[in-house]
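Comments concern the structure below.
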Amino acid sequence: MIVKALITAALLAAPMAAHAQDHSTHAAPAAAPAKPGLPDAARVTGGAYEVDSHHTQVVWSVDHLGISTLYGMFGEMTGTLALDPKTPQNAKLSIAIPLTGLTVTSAAFAKHLSSPDFFDVAKYPTASFVSTGVKVMGTKAEITGDLTLHGVTKPVTLQAAFHGAGANPMNKVENIGFSATTSIKRSDFGLGMAVPMVSDEVKLKIVAAFVKK
């Protein structure tokens, strides 16, 4: 009986030992790669940059009938940034915003917004922002500039913040990113249809990425 018990124990232990040995040969999972971008302004080398149109967007929101907040987004932007990290207050920014790059909740709604009731895209296909001044406060800044929309140009101030910089692992080129917020009155630009049922104030949130030329 003792011999039989020892044989049984050995037979049971063998697969367990093999299983443990198999697991011991597996390497530990590799750590996830670190993000290439960091919120370190010293990483910005300066010079001429162009808009990363794939990763730059303007999100707008309005109050809709006092019932909900409605959102939309513009994308496909182009433009340039000239920046010297030693004198950031002298930075120059120019952005073109194709109104055909509008994204909303339905095709019918997009068609209405593109009509003469609102943006009249056939007549005014592009909006633009051109900076006129920069006030720097550490990694934040007030960027004043001229917004042209629906054929009307008005001054606008962006509350901007540096987000990060680093080499994009896809193309090995320096990328830098910022975020910004502001608000405008759409009636100032001849877009006052349905005010006040839909709010005159439009809140804007901007995410901008730039690639060094």
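Side-chain atoms are counted along with the backbone in the values below, which use heavy atoms only and exclude waters and symmetry mates. Along the sequence shown, residues are numbered consecutively beginning with 1. On a predicted model such as this, the values are computed, not experimentally measured, just so you know.
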Audit row: F210, V51, side-chain contact (heavy atoms from CB on, under 4.5 Å) steps and yes/no: CA-CA 5 Å; F210 298 88; V51 171; 3.7 Å; yes
- prompt: Once you round to the nearest 0.5 Å, how far does CG of L191 lie from CG of L113?
  reply: 10.0 Å
field: Non-hydrogen side-chain atoms of T100 and L102 separated by less than 4.5 Å
entry: no
query: Got a donor-acceptor contact below 3.5 angstrom from the D200 side chain to the S187 backbone?
result: yes
message: Same cluster or not: V62 versus L149, using hydrophobic residues (I, L, V, M, F, W, Y) connected whenever any side-chain heavy atoms lie under 4.5 Å apart?
response: yes
message: Under a 3.5 Å distance rule, please check whether S53 uses its side chain to pair with a backbone N or O of E76 as donor and acceptor.
response: no
- request: Determine the minimum heavy-atom distance between T56 and D52, stating which atoms define it.
  value: OG1-O, 2.9 Å
field: Contact summary for A127 and L99, nearest pair of heavy atoms
entry: CB-CD2, 4.0 Å
task: Measure across V152 and D188 and return the closest heavy-atom pair with its distance rounded to 0.1 Å.
output: CG1-O, 3.6 Å
message: With rounding to the nearest 0.5 angstrom, report the CZ to CD1 distance, F129 to I95.
response: 8.5 Å
statement: Interatomic distance, CD@Q57 vs OG1@T103, rounded to 0.5 Å, equals 9.0 Å
task: Please examine the side chains of Y71 and V59, heavy atoms only from C-beta on, and report whether any two atoms are closer than 4.5 Å.
output: yes
Heavy-atom check, side chain of V58 versus side chain of M77, under 4.5 Å: yes
query: So, the side chain of H150 versus the backbone of F118: is there a donor-acceptor pair under 3.5 Å, distance only?
result: yes
Cluster overlap W60 with V198, hydrophobic side-chain contacts below 4.5 Å: yes
- prompt: Going from CG on L70 to CG on D63, what distance comes out if it is rounded to the nearest 0.5 angstrom?
  reply: 9.5 Å
Donor on one side chain, acceptor on other, T45 and K212, under 3.5 Å: yes
- line: The reported gap from NZ in K203 to CD1 in I184 (rounded to nearest 0.5 angstrom) is 13.5 Å
message: Just verifying a value: how many Å separate M73 CE and L204 CG, rounded to the nearest 0.5 Å?
response: 13.5 Å
field: M197, CE atom: more than 12 neighbouring heavy atoms under 6.0 Å
entry: no
task: Applying ring-ring contact (aromatic ring centres under 6.0 Å, His included), name anything that partners F178, two or more places apart in sequence or on another chain.
output: F162
- request: Compare all side-chain heavy atoms of F189 with those of L147 and state whether any distance is below 4.5 angstrom.
  value: yes
query: Is a side-chain N or O of K172 found less than 3.5 angstrom from the main chain of P169, in a donor-acceptor match?
result: yes
field: Residue pairs fulfilling side chain to side chain donor-acceptor pair (under 3.5 Å) with at least one residue in residues 115-139, sequence neighbours excluded
entry: H112-D117, T132-T144
task: Return yes if some donor-acceptor pair links the side-chain N/O of R43 with the main-chain N/O of E174 below 3.5 Å, else return no.
output: no
- line: When every non-hydrogen atom of V134 is compared with those of A141, the smallest separation belongs to CG1-CB, 4.1 Å
query: Does the side chain of L158 reach to within under 4.5 Å of the side chain of I206, using non-hydrogen atoms?
result: yes
Stepwise side-chain contact (heavy atoms from CB on, under 4.5 Å) check, H55 with N175: CA-CA 11 Å; H55 302 103; N175 283 213; over 6 Å; no
field: F74 and F119 aromatic ring geometry - parallel, tilted or perpendicular at 30°/60° bounds
entry: perpendicular
field: Shortest non-hydrogen contact from N168 toward M170
entry: OD1-N, 2.8 Å
field: Min side-chain heavy-atom separation Y49-V211 under 4.5 Å
entry: no
query: Nearest heavy-atom pair of A194 and R186: which atoms, and what distance?
result: C-NH2, 3.8 Å
field: Side chain S106, main chain F109, donor-acceptor under 3.5 Å
entry: yes
